[in-house]
Amino acid sequence: MHPDVLGWAATAVLMATLIRQMVKQWQSPHPETVSKWLFVGQMTASTLFTVYSALLGATVFVVTNALLLVTAVIGQLTAW
């Protein structure tokens, strides 16, 4: 098995988990109760990890971290 298969599988599981959490937050009567600092930290870390992964040429991690950045932005917008 190629190691990238494990990376893509981990990406799929992580994204499914985060998407489910975003839907739950969106449906919540109080989505603003989630700490905004959570999303600021996630956006910062995801941006840095995306750049780092790109510099290493690690496609799986570039995509994964870019998707994590998108979920953080959506989470922040939902919290507002």
Side-chain angles (χ1 to χ4, degrees):
M1 177 185 315
H2 194 278
D4 281 354
V5 172
L6 294 174
W8 289 118
T11 299
V13 170
L14 182 58
M15 291 312 301
T17 303
L18 290 173
I19 289 168
R20 177 65 188 122
Q21 183 58 42
M22 287 182 343
V23 168
K24 195 169 186 176
Q25 179 187 350
W26 178 68
Q27 293 173 339
S28 169
H30 303 287
E32 71 281 355
T33 59
V34 176
S35 170
K36 289 169 183 56
W37 287 107
L38 168 73
F39 299 115
V40 170
Q42 184 182 348
M43 286 184 284
T44 302
S46 294
T47 299
L48 293 171
F49 274 128
T50 300
V51 172
Y52 174 71
S53 300
L55 292 171
L56 293 177
T59 305
V60 170
F61 291 113
V62 170
V63 172
T64 301
N65 287 303
L67 290 171
L68 289 173
L69 178 57
V70 169
T71 64
V73 170
I74 292 170
Q76 181 67 71
L77 293 174
T78 302
W80 282 340

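Residues: numbered from 1 along the sequence shown.
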Going by side-chain contact (heavy atoms from CB on, under 4.5 Å), name the residues that satisfy it together with [X], two or more places apart in sequence or in a different chain.
X	answer
L77	V73, W80
T44	V40, L48
S46	Q42, L68, L69

Without placing hydrogens or testing angles, list every side-chain donor-acceptor pair under 3.5 Å for residues 7-16, not counting sequence neighbours.
from: T11; atom 1: OG1; to: G7; atom 2: O; distance (Å): 2.9
from: T11; atom 1: OG1; to: T64; atom 2: OG1; distance (Å): 2.4

L38 with M43, same ILVMFWY side-chain cluster at under 4.5 Å: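 Yes; M43 is reachable from L38 via cluster members.
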Assigning hydrophobic clusters by single linkage (Ile, Leu, Val, Met, Phe, Trp, Tyr; side-chain heavy-atom cutoff under 4.5 Å), is I19 placed with W26?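 No, it is not one cluster - the side chains of I19 and W26 are not joined through contacts under 4.5 Å.
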Who clusters with V5? Use side-chain heavy atoms, under 4.5 angstrom, across I, L, V, M, F, W and Y, and order the result by chain and number.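 Its cluster partners, ordered by chain and number, are M1, L6.
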Quick one: name the residues clustered hydrophobically with V51, using the 4.5 Å side-chain heavy-atom rule over I, L, V, M, F, W, Y, and just say none if it's on its own.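 Members besides V51, by chain and number: L55.
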Heavy-atom pair with the smallest gap, counting every atom of F39 and A72: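 Between these two residues, the closest heavy atoms are CD2-O, 3.6 Å.
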Sub-4.5 Å side-chain heavy-atom contact between T71 and M22: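 A side-chain contact under 4.5 Å exists here.
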